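A quick write-up on the structure given underneath.
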Amino acid sequence: MTDDQPSRPAHVPLAGVIGMPIAHSRSPRLHGHWLQRCGIAGHYIPMPVMPEHLTEALRALPRLGFVGVNVTIPHKEAVLTLADSVTDRAALIGAANTLIFRPDGKIHADNTDGYGFIANLRQNAPDWQTDAGPAAVIGAGGAARAVVASLLDSGVKEVRITNRTRIRSEQIKAEFGARLVVYDWAQAGNMLDGAATVVNATSLGMEGKQPLRLPLDALSPDALVTDLVYTPLMTPFLADAQARGCRVVDGLGMLLHQAAPGFERWFGRRPEVDDDLRRAVLE
Ligand code: NAP
């Protein structure tokens with residue numbers, strides 16, 4: 001073994017989440033529930049890491065017995081440049097939320113947000129069809145990029161996108177291609193006409209923030225409407241859509257499902273996303 005290769009102590013596996021701030025993260029409760037349910041003697045630890053300490057932290061964690069970490073704001077983009085390998089989807093999205101520390105010390109970066117988004121819809125709206133019609137995505141931040149990638153990957157033929165800052169949705173179109181159609185923010189209501197799937201991928205509607213209010217006249221009651229915001233579970237946008245007769249799916253399931261691939265890679269067991277987990281995370 002050379003000095004560059006971390007020796008992994010043979011003790012209980014450690015994983016965690018790095019970000020700043022980190023105190024609000026629900027991931028420790030989520031993974032803690034799975035560890036307990038699966039009877040695995042591991043630990044999942046929230047770790048506040050300042051941007052200037054990111055490189056140092058990623059060097060140290062594998063040496064301390066960590067098998068990987070989740071990554072949240074503000075490190076999701078920066079970790080791509082520090083990882084030794086990056087999945088195609090993380091590269092396309094431009095951000096990673098899951099790191100795997102390999103026994104040889106190499107860091108593998110992935111983005112599971114898009115997987116979590118689709119798995120949530122499949123679990124909570126089992127008859128949802130990707131070929132039912134265009135999808136409309138509101139927002140063009142990091143989470144929207146993951147949603148757009150997963151919708152295209154799942155076979156949705158047309159993905160419409162709108163964002164307050166138009167240049168960001170133009171950028172997504174430039175990177176993701178011809179199946180994207182950009183709408184002006186002032187015309188967001190028009191984007192809903194004929195949409196079979198509608199997604200709020202902005203942070204509007206979060207507790208303490210103003211709600212997302214769009215003219216919903218063009219929204220079909222047959223559309224499936226979902227929100228990435230999960231505090232509160234029933235956002236004003238979802239409540240408005242439900243009042244029009246739409247099926248709605250809240251954003252908590254995305255959070256739960258995006259965590260499963262990391263848990264499986266780190267701890268060797270595919271965990272269940274079920275009502276018990278939802279309750280544990282909401283406690
Ligand atoms: P982000 O990169 O900071 O993007 C924020 C988005 O919200 C941008 O499109 C931004 O538009 C828009 N926005 C913010 N304030 C606005 C306002 N006052 N009016 C109009 N648009 C506004 O954040 P993100 O990482 O994409 O996350 C977006 C949301 O998804 C957050 O609430 C996050 O918690 C949630 N999320 C949930 C999950 C889950 O598992 N359920 C996973 C990831 C993220 P501009 O570009 O114009 O600023």
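Note that the structure is a prediction, hence the values are computed from the model and not measured. Read the numbers this way: they start at 1 and go in the same order the structure lists the ligands and their atoms.
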* Asked: Would Leu99 and Leu61 satisfy side chain to side chain contact (heavy atoms under 4.5 Å, CB included), going step by step from the backbone distance to the final call?
  -> CA-CA 11 Å; Leu99 300 182; Leu61 287 170; over 6 Å; no
* Asked: Looking at residues at least two apart in the chain, or sitting in another chain, which of them share a salt bridge (charged side-chain N to carboxylate O under 4.0 Å, His left out) with Asp193?
  ->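 None.
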* Listed by chain and number, what are the side-chain contact (heavy atoms from CB on, under 4.5 Å) partners of Glu207, not counting sequence neighbours? ->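 Partners of Glu207 by the side-chain contact (heavy atoms from CB on, under 4.5 Å) criterion, ordered by chain and then number, come out as Thr231, Pro232.
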* To do: Measure across Leu277 and His33 and return the closest heavy-atom pair with its distance rounded to 0.1 Å.
  =>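 Looking at all heavy atoms of both residues, the closest pair is CD1-CD2, 3.5 Å.
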* For the student: nearest non-hydrogen atoms of Leu64 and Leu14, plus distance ->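 Distance-wise, the nearest heavy atoms are O-CD1, 3.6 Å.
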Could you list each nitrogen or oxygen of ligand 1 that sits under 3.5 Å from a protein nitrogen or oxygen, with the atom names and the distance?
unit_1, atom_1, unit_2, atom_2, d
ligand 1, 2 (O), Gly142, N, 3.1
ligand 1, 7 (O), Ser203, N, 3.3
ligand 1, 9 (O), Ala140, N, 3.0
ligand 1, 9 (O), Asn163, OD1, 2.7
ligand 1, 11 (O), Asn163, OD1, 3.3
ligand 1, 18 (N), Arg164, NH1, 3.3
ligand 1, 26 (O), Gly142, N, 3.2
ligand 1, 26 (O), Ala143, N, 2.8
ligand 1, 40 (O), Leu255, N, 3.2
ligand 1, 41 (N), Leu228, O, 3.0
ligand 1, 41 (N), Gly251, O, 3.0
ligand 1, 46 (O), Asn163, ND2, 2.8
ligand 1, 46 (O), Arg168, NH1, 2.8
ligand 1, 47 (O), Arg164, NE, 3.0
ligand 1, 47 (O), Thr165, N, 3.1
ligand 1, 47 (O), Thr165, OG1, 2.5
ligand 1, 48 (O), Arg164, NH2, 2.8

* Side-chain hydrophobic cluster, 4.5 Å single linkage: members besides Leu80 ->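 Result for Leu80 is Val86.
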